[in-house]
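Below, all heavy atoms of this structure are taken into account, side chains as well, without hydrogens, waters or symmetry copies. Heads up: numbering here begins at 1 and tracks the sequence. Keep in mind it's a predicted model, so treat the numbers as computed, not measured.
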Amino acid sequence: MMRTQVKIFENASALELEKEMNEFLNGINSVAVVDIKYSQVAVTNGGYVINHFSAMVIYTK
């Protein structure tokens, strides 16, 4: 029986987020990715822009 599961990733760096997701996807067997949801939030704070990236992988296992 295939079960739907999710894995959530968060990082301040898009490159690190990508690395974490690739490591996760390469490390699991017999998985079908159903969908990937991606989000970026940019907040200004005293003239600085703070970025935050997140993704949710929906998969069956």
*Asks:* Do the side chains of Phe24 and Ile58 join up, straight or via other hydrophobic residues, at under 4.5 Å, putting them in one cluster?
*Replies:* no

*Asks:* Between atom CE of Met56 and atom CG of Asp35, what is the distance when rounded to the nearest 0.5 Å?
*Replies:* 7.5 Å

*Asks:* Membership question, hydrophobic clusters at under 4.5 Å side-chain separation (ILVMFWY): are Ile8 and Tyr38 in the same one?
*Replies:*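 No, Tyr38 and Ile8 fall in different hydrophobic clusters.
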
*Asks:* Please determine whether residues Tyr48 and Val43 belong to a single hydrophobic cluster, defined as Ile, Leu, Val, Met, Phe, Trp and Tyr linked transitively by side-chain heavy-atom distances below 4.5 Å.
*Replies:*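 Tyr48 does not cluster with Val43.
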
*Asks:* For Leu17 and Glu10, work out which heavy atoms get closest and say how close.
*Replies:*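 Residues Leu17 and Glu10, closest heavy atoms: CD1-N, 4.0 Å.
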
*Asks:* What is the distance from atom OG1 of Thr4 to atom NZ of Lys61, rounded to the nearest 0.5 Å?
*Replies:* 13.0 Å

*Asks:* How close do Met2 and Thr60 get, counting heavy atoms only, and between which atoms?
*Replies:*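 It is CE-OG1, 3.4 Å.
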
*Asks:* Going through the distances and angles, do Glu16 and Lys19 end up as a side-chain contact (heavy atoms from CB on, under 4.5 Å)?
*Replies:* CA-CA 5 Å; Glu16 288 298 317; Lys19 181 180 172 183; 4.1 Å; yes

*Asks:* What is the minimum heavy-atom distance between Glu20 and Phe9, and which atoms define it?
*Replies:* O-CE2, 3.7 Å

*Asks:* Is there a continuous path of hydrophobic side-chain contacts, each under 4.5 Å between heavy atoms, that joins Ile36 to Tyr59?
*Replies:* yes

